[in-house]
Asker: 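Here it is, the structure in full.
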There are 2 protein chains.
Amino acid sequence: MTAPKPSLELLRALTDENVLRVLMAHDRLTRAEIAARTGISKPTISESVQRLEQAGLVVDTGERTTGRGRVGSYYALAPHLGTALVASITPHGVVAEAVDARGRTHGEVRTALHADAGQEAAAEALGAAAARLGESAGPLRLAVVSAADPVDRATGRLVHLPDAPFLVGALDPPAVLAGTVTGPVLVDNDVNWAARAEYEQGCVQGVDDFVYLHLGEGLGCAVVGDGVVRRGHGGLVGEVAHLYTAGPDGRAMAFTEVFAALDLRRDASTAVDVPRLLDLLDTSDARAERVRLALAHAIGGVLAGALAFADPRTVVLGGPWGSHPRLIDAIEEHLARSPRSVPLIAAALPLPELTGARARAVEELGSQIVRSAHPTAQW
Amino acid sequence: MTAPKPSLELLRALTDENVLRVLMAHDRLTRAEIAARTGISKPTISESVQRLEQAGLVVDTGERTTGRGRVGSYYALAPHLGTALVASITPHGVVAEAVDARGRTHGEVRTALHADAGQEAAAEALGAAAARLGESAGPLRLAVVSAADPVDRATGRLVHLPDAPFLVGALDPPAVLAGTVTGPVLVDNDVNWAARAEYEQGCVQGVDDFVYLHLGEGLGCAVVGDGVVRRGHGGLVGEVAHLYTAGPDGRAMAFTEVFAALDLRRDASTAVDVPRLLDLLDTSDARAERVRLALAHAIGGVLAGALAFADPRTVVLGGPWGSHPRLIDAIEEHLARSPRSVPLIAAALPLPELTGARARAVEELGSQIVRSAHPTAQW
DNA sequence: TCCTCTAGTAAGGAGTCCTGACTAAAGGAG
DNA sequence: CTCCTTTAGTCAGGACTCCTTACTAGAGGA
């Protein structure tokens, strides 16, 4: 609807963006190579490279081509363009790393937390990791944070919903990182980042509409629609704890209560007792079989909700017990008897939430660099 | 990620797009006015207008300015640019009209169908309406069709889901219109178009995330996420018939079966008996009260699903019985006792599906015209 | 020693947009 | 009736961007 205003500045900005983007993908290129890859003429590329070198966004690496013909100079993104902080916060600890616009990791800090360490410990670990990475890897221009709890879309703060386990605790990542990160702090929950990872380099590449159901201590879900993780108004898409489903006795109850009814909750908590559950999944007696059936029925209800509101091409099952083969078998059997069905896949990527968050960080850092070359151009 | 290649052709295309867009919004303007509104200089606009007049996209209307100063010529979009067919197909009949790129309606054809007239009758009515409008309103460059049944996203054909009433019947609008409409035929179900209408000119303007629940003979729903109607992989987002919810006895059952359990289905059909239901909503005895409670509980379950998978800012209730005040009251009471809640609004627009489809048609026609000015430019 | 091949530069041209001055013509003031 | 004001549109010139073509510089191979 809104066509940008034509201007010569726009053209220049577009040329520069082409150059920067191709350098983000290829770490060192001669001007001739840039011209070939972008399809833009050599003289134009030469001007753009000169302009960007002047602006400090691109540098002559000093390396030269070898082989026949005139020696060429390799150019690359300037090294001091800054990095992005990528952090994952789970009940077990904080993992943080810095990535640059090329997607290279520049350091990693792991801080273990013992269970129920409290939010102060998590905040401190995050802040300390950021400080260390900021020193070693250069200025942190933005941060992308994954948290094992629902995240408020507007503020980036963690939210405690009723009857949901609050794994990481009250935490305000933008506030914690305000001092060490100069730019925006993007926070989302781990399941959403994991879904992004599976979409970009996992088991559902090319599938623009899918649902990722995470089954662990908490119950979470991510909805990818038209190739983008959907967050809804408050960022609470995927909070399936209160979805109505079928309980073990056939009565309608909230999904989270199924685990209470099956005696699969940790003491004095609303968190799922994962070791116990895994144990049951591996057992073959009649009681274990009943539990499997009850779980399949309950999860079938959740999937009916997913079908109704997200119409996925595929459902990805992840989390500590979500990808258990016997569980998937049981759910598939249940779905086969349902009026509508959907293919199931087990998630496969290791540390998917970090992978997804990293991809977002690289993307955002790239956009920031492109924008910084032409602050006034908008299109 | 993909920056367009800079070129002078791109600039020219952008100028032309600015001119065309402003003429779509303002039906007649002098070149000076176009320059003022777009912010582009007068000489550049003059060139563009000349180019577009040459191409036949813009015409000198012959009208001249009055008042002080030199007389100016008013230009407008060429009248023969074609129109778009907008059609709504319901069990009661077919309503069709033609709209031009300015959003003006150029004719309307209403064809009543008696209930269960069959798909041949509907197809014939649609085809006949298109033929008539094509003759009277000029060539139909595209069509936007609303149907009161689920629509397959890939093919545009209507889909019959198990246990859902098939109101309009097997119908393949793209095939029916292939002869009379030269361009694409966009088909979607009426609830999705209604949601778009409420978003653009109804009760949820500016709300980027909401859910529209349509309660009539069929049970449907639309999900708007980040300002766009979400359709999912197959176009079946919003098909809530098989969502698990609570039945009158508290047992988990599919939403559609609640109406069977409450004896609120039409004979030999899975369609809701709307007159009977409205009657009960207006009655005050104990039995009616029990039905209201049961409906509120069941719909509460559907809304729990919406909260889990769409996280709407607001829920819009529409359809013949969806916006009944006593029903809304009952649902609100139920939600107040639930762990999570959401504001409810009654839908208000008349013929919302036609309004939404019309908006899409105008948008698409505009894009087609813009593209036709520069077929090779891509950005 | 000469030829070939390649990165980068120069020159010139076409095209786009802009500014500022100019022209044409209508309405109002005196 | 004449002159002034006001406005739409054009003209001329300039700045700038991209492109094509031709050229230069310099390394490796014959």
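In the text below, chain A, chain B and the rest are named by the order of the sequence lines, each starting its count at 1. Keep in mind that this is a model prediction, so the values were computed, not measured.
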Asker: Tell me whether the OP1 or OP2 atom of C:dC17 has a side-chain N or O from B:T15 closer than 4.0 Å.
Answerer: yes

Asker: Identify, between A:P6 and A:A32, the residue whose nearest nucleotide on DNA chain C lies closer to the 5' end.
Answerer: A:A32

Asker: Could you list the residues that satisfy side chain to side chain donor-acceptor pair (under 3.5 Å) with A:R102, not counting sequence neighbours?
Answerer: A:D27

Asker: Roughly, in whole Å, what's the span from CG in A:L14 to P in C:dT16?
Answerer: 16 Å

Asker: Tell me: CZ of A:R12 to P of C:dT16, nearest whole Å?
Answerer: 18 Å

Asker: Starting at atom CD of A:E33, determine the distance to atom P of C:dA7, rounded to an integer number of angstrom.
Answerer: 7 Å

Asker: For DNA chain D, which nucleotides open and close the run of contacts to chain A, 5' to 3', at under 4.0 angstrom from a non-hydrogen atom?
Answerer: D:dC16 to D:dG28

Asker: To 10°, what angle do the rotation axes through the five end pairs on each side of the helix from C:dT1-D:dA30 to C:dG30-D:dC1 form?
Answerer: 20°

Asker: Calculate the interatomic distance between A:R64 atom CZ and C:dG8 atom P; express it in whole Å.
Answerer: 9 Å

Asker: Evaluate whether atom CZ of A:R313 has more than 12 neighbouring non-hydrogen atoms of other residues, nucleotides or ligands under 6.0 angstrom away.
Answerer: no

Asker: From CD of B:E17 over to C1' of C:dT16, roughly how many Å is that when rounded to an integer?
Answerer: 17 Å

Asker: Using side chain to side chain donor-acceptor pair (under 3.5 Å) as the criterion, list what pairs up with A:E364, not counting sequence neighbours.
Answerer: A:R360

Asker: Hey, does B:S41 reach any base, or is it just sugar-phosphate, or nothing, if we go heavy atoms under 4.0 Å?
Answerer: base

Asker: Can you tell me the distance, in whole Å, between the CG atom of B:L11 and the P atom of C:dC17?
Answerer: 6 Å

Asker: Nearest-nucleotide wise, let me know which of A:T65 and A:L8 is further upstream toward the 5' end of DNA chain C.
Answerer: A:T65

Asker: Taking the side chain from B:K5 and the backbone from A:I40, do they hold a donor-acceptor pair closer than 3.5 Å?
Answerer: no

Asker: A:D208: what forms a salt bridge (charged side-chain N to carboxylate O under 4.0 Å, His left out) with it, not counting sequence neighbours?
Answerer: none

Asker: So which pairs with a foot in residues 75-87 of chain B pass side chain to side chain donor-acceptor pair (under 3.5 Å), sequence neighbours left out?
Answerer: B:R31-B:Y75

Asker: A:T65: which residues meet the side-chain contact (heavy atoms from CB on, under 4.5 Å) condition with it, sequence neighbours left out?
Answerer: A:T30, A:V71, A:Y74

Asker: Provide, to the nearest angstrom, the distance between the CZ atom belonging to B:R31 and the P atom belonging to C:dC17.
Answerer: 16 Å

Asker: So, using salt bridge (charged side-chain N to carboxylate O under 4.0 Å, His left out) as the criterion, who are the partners of B:R37 when residues are at least two apart?
Answerer: none

Asker: What residues form a salt bridge (charged side-chain N to carboxylate O under 4.0 Å, His left out) with B:E97, not counting sequence neighbours?
Answerer: B:R358

Asker: Return a single string for nucleotides 20-30 of chain C, one symbol per nucleotide in 5' to 3' order, where B is base contact, S is sugar-phosphate-only contact and - is none, cutoff 4.0 angstrom on heavy atoms.
Answerer: B--BBBBB---

Asker: Under 3.5 Å, side-chain donor or acceptor atoms of residues 129-144 of chain B against the rest of the protein: list the pairs with distances, not counting sequence neighbours.
Answerer:
residue: B:S136; atom: OG; partner: B:R132; partner atom: O; Å: 3.3
residue: B:R141; atom: NE; partner: B:Q368; partner atom: OE1; Å: 3.3
residue: B:R141; atom: NH1; partner: B:L81; partner atom: O; Å: 3.2
residue: B:R141; atom: NH2; partner: B:Q368; partner atom: OE1; Å: 3.2

Asker: Go through the structure and list residues passing salt bridge (charged side-chain N to carboxylate O under 4.0 Å, His left out) with A:R68, not counting sequence neighbours.
Answerer: none

